[in-house]
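Working notes, structure below.
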Amino acid sequence: MSGKSPIKIAPSILASDFAKLGAEVRAISDAGADYIHVDVMDGHFVPNITIGPDVVKALRPHSEKTFDVHLMISPVDLYIEAFAKAGADIISFHPEAGPHPHRTIQAIRAAGAKPGLALNPGTPVEMLWPLLGDIDLVLVMSVNPGFGGQSFIESQLKKIEIIRKRIDQENPGIDLEVDGGINFETAPRAIAAGANVLVAGTATFKGGEAAYARNIATLRGAA
Ligand SMILES: O=C(CO)[C@@H](O)[C@H](O)COP(=O)(O)O
Ligand SMILES: [Co+2]
């Protein structure tokens, strides 16, 4: 990491108990989460279906933390306003999901949210450069999108290092988020490579509610 930004922890509610989502969001907020990471999947861009804007709207009153909405859907533009109105603070999308990523970034800002760009493990880092000055967050996927509980893909550490250098030169202060397979062993390496936001589903929610604060503190302490 550049040494300036404090580490932020973004529990992915994909790993929470969906039968009591509101209570889970309150619990991770109280346990010290910085962002609430919401994985939105459409069964088309990725092979899984999760939640939509109505669920974000229902969860919004349960936490004042930043709602970090990760869209794994195609098309994207059609749904931006709905997610922003529902209370998304950050909206990230994948450049492969539509033909005009710059237009999508503008639409996210126009809707009042902060735009983020998500790079799949197989997406070349060059796709980011023309857009780096226009976004507030880079999301590096360290698993293929679609499911929680997968293993960290090591090759993404190099990508994080390259992006960190460029962020510090061109748009310092924006978030560099790593998402997928983050646990007590991979977290310190992702931070050392330059990430300052750690998405963690399995690693946050394991052990039940009594363990959430300890899990979050351990991940944060990995720095
Ligand atoms: O976006 C995704 C998966 O597509 C992630 O946000 C996962 O939900 C993270 O889960 P863990 O790997 O931490 O269990
Ligand atoms: Co995610």
Side-chain angles (χ1 to χ4, degrees), residues 7-18 21 24-25 28 31 33-53 55-56 59 65-74 76 79 83 88-97 108 113-123 135-157 159-160 175-191 195-208 211-212 215-216 218-220 222:
I7 300 303
K8 297 173 196 160
I9 306 299
S12 163
I13 60 169
L14 191 60
S16 72
D17 182 348
F18 272 27
L21 262 184
E24 291 280 64
V25 166
I28 51 172
D34 299 285
Y35 291 174
I36 309 297
H37 187 83
V38 182
D39 287 308
V40 177
M41 306 183 186
D42 65 354
H44 164 70
F45 185 70
V46 290
N48 196 3
I49 300 176
T50 56
I51 65 183
V55 177
V56 173
L59 292 175
K65 301 289 171 80
T66 296
F67 269 47
D68 170 31
V69 174
H70 176 193
L71 297 182
M72 287 160 275
I73 63 173
S74 176
V76 177
Y79 301 100
F83 279 103
D89 297 296
I90 301 168
I91 298 179
S92 297
F93 68 100
H94 291 251
E96 296 89 348
I108 292 170
K114 293 180 172 180
L117 200 69
L119 302 181
N120 283 331
T123 301
I135 55 179
D136 290 315
L137 178 143
V138 179
L139 188 165
V140 174
M141 290 300 304
S142 39
V143 298
N144 284 298
F147 302 96
Q150 302 181 77
S151 297
F152 188 81
I153 299 173
E154 295 288 330
S155 58
Q156 299 312 296
L157 287 171
K159 192 189 266 179
I160 292 169
D175 280 333
L176 177 47
E177 181 173 65
V178 57
D179 184 4
I182 292 295
N183 55 38
F184 299 158
E185 191 269 317
T186 54
R189 292 192 290 134
I191 292 168
N196 73 295
V197 184
L198 306 180
V199 176
T202 309
T204 298
F205 287 96
K206 71 173 178 199
Y212 296 170
N215 292 341
I216 289 171
T218 306
L219 289 164
R220 200 192 305 282

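Counting convention: from 1, in listed order, for ligands and their atoms alike. We number each residue from 1, following the sequence as shown. Heavy-atom basis, side chains included; hydrogens, waters and symmetry copies ignored. Quick caveat, the model's predicted, so the values are computed rather than measured.
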- Task: Using a strict cut-off of 4.0 Å, indicate which atoms of ligand 1 neighbour a heavy atom of Gly149.
- Result: 11 (P), 12 (O), 14 (O)
- Atom pair CD1 (Ile91) and CG (Leu137), whose distance is rounded to the nearest 0.5 Å: 12.0 Å
- Note on the structure: Closest to atom 9 (C) of ligand 1 among protein heavy atoms sits Asp179 OD1, 3.5 Å
- Message: Tell me which N, O or S atom from Asp179 is the closest to the Co ion (ligand 2).
- Response: OD2
- Task: Mark yes or no for whether Asn183, through its side chain, and Ala203, through its backbone, hold a donor-acceptor pair below 3.5 Å.
- Result: no
- Note on the structure: The protein heavy atom nearest to atom 14 (O) of ligand 1 is Thr202 OG1, 2.4 Å
- Item | Ala203 to ligand 1, any heavy atom closer than 4.0 Å | no
- So with a 6.0 Å cut-off around OH of Tyr79, is the heavy-atom count from everything else above 12? no
- In this structure, atom 2 (C) of ligand 1 is nearest to the protein heavy atom Asp39 OD1, 3.5 Å
- Item | Interfacing atoms of ligand 1 (cut-off 4.0 Å, heavy-atom, Leu14) | 8 (O)
- To the nearest 0.5 Å, what is the distance between CD1 (Ile108) and OG (Ser92)? 7.5 Å
- Rounded to the nearest 0.5 Å, how far does CG of Asn144 lie from CD of Gln150? 6.5 Å
- Using heavy atoms and a threshold below 4.0 Å, how should the contact between Ala200 and ligand 1 be classified: side chain, backbone, both, or neither? backbone
- Message: List ligand 1 atoms under 4.0 Å from His70, heavy atoms only on the residue side.
- Response: 1 (O)
- From Val38, Ile90, Ile51, residue fulfilling side chain to side chain contact (heavy atoms under 4.5 Å, CB included) relative to Val69: Val38
- Query: Just by distance, with hydrogens left out, do Thr218 and Asn215 show a side-chain donor and acceptor under 3.5 Å apart?
  - Reply: no
- Message: I'd like to know if the side chain of Asp34 and the backbone of Ile9 have a donor-acceptor N/O pair within less than 3.5 Å.
- Response: yes
- Test item, Ala15 contacting ligand 1 (heavy atom, 4.0 angstrom): no
- Centroid-to-centroid, Phe67 to Tyr35, below 6.0 Å? no
- Message: For atom 3 (C) of ligand 1, what's the nearest protein heavy-atom neighbour? Residue, atom name and distance, please.
- Response: Phe147 O, 3.4 Å
- Query: Looking only at side chains, do Asp68 and His70 share a donor and an acceptor under 3.5 Å apart?
  - Reply: no
- shortest atom 13 (O) of ligand 1-to-protein heavy-atom contact is with Gly201 N, 2.7 Å
- Query: Nearest 0.5 Å, what's the CG-CZ distance between Leu71 and Phe45?
  - Reply: 10.0 Å
- Task: Report yes or no: do Asp89 and Thr66 form a side-chain donor-acceptor pair below 3.5 Å?
- Result: no
- Message: Within the 4.0 Å heavy-atom shell around Gly180, which atoms of ligand 1 are there?
- Response: 12 (O)
- Note on the structure: Nearest non-hydrogen protein atom to atom 4 (O) of ligand 1, with distance, is Gly146 N, 2.8 Å
- Item | Atoms in ligand 1 with a heavy atom of His37 nearer than 4.0 Å | 6 (O)
- Task: Tell me which one of Gly148, Gly181, Ser142 gets a heavy atom nearest to atom 12 (O) of ligand 1.
- Result: Gly181
- Item | His37 atom NE2 and His70 atom ND1 as seen from the Co ion (ligand 2), angle to 10 degrees | 100°
- What atoms of ligand 1 come closer than 4.0 angstrom to any heavy atom of Pro145? 4 (O)
- Considering the heavy atoms of Val199, write down every atom of ligand 1 situated less than 4.0 Å from one of them. 6 (O)
- Note on the structure: Looking at Asp39, the N, O or S atom sitting nearest the Co ion (ligand 2) is OD1
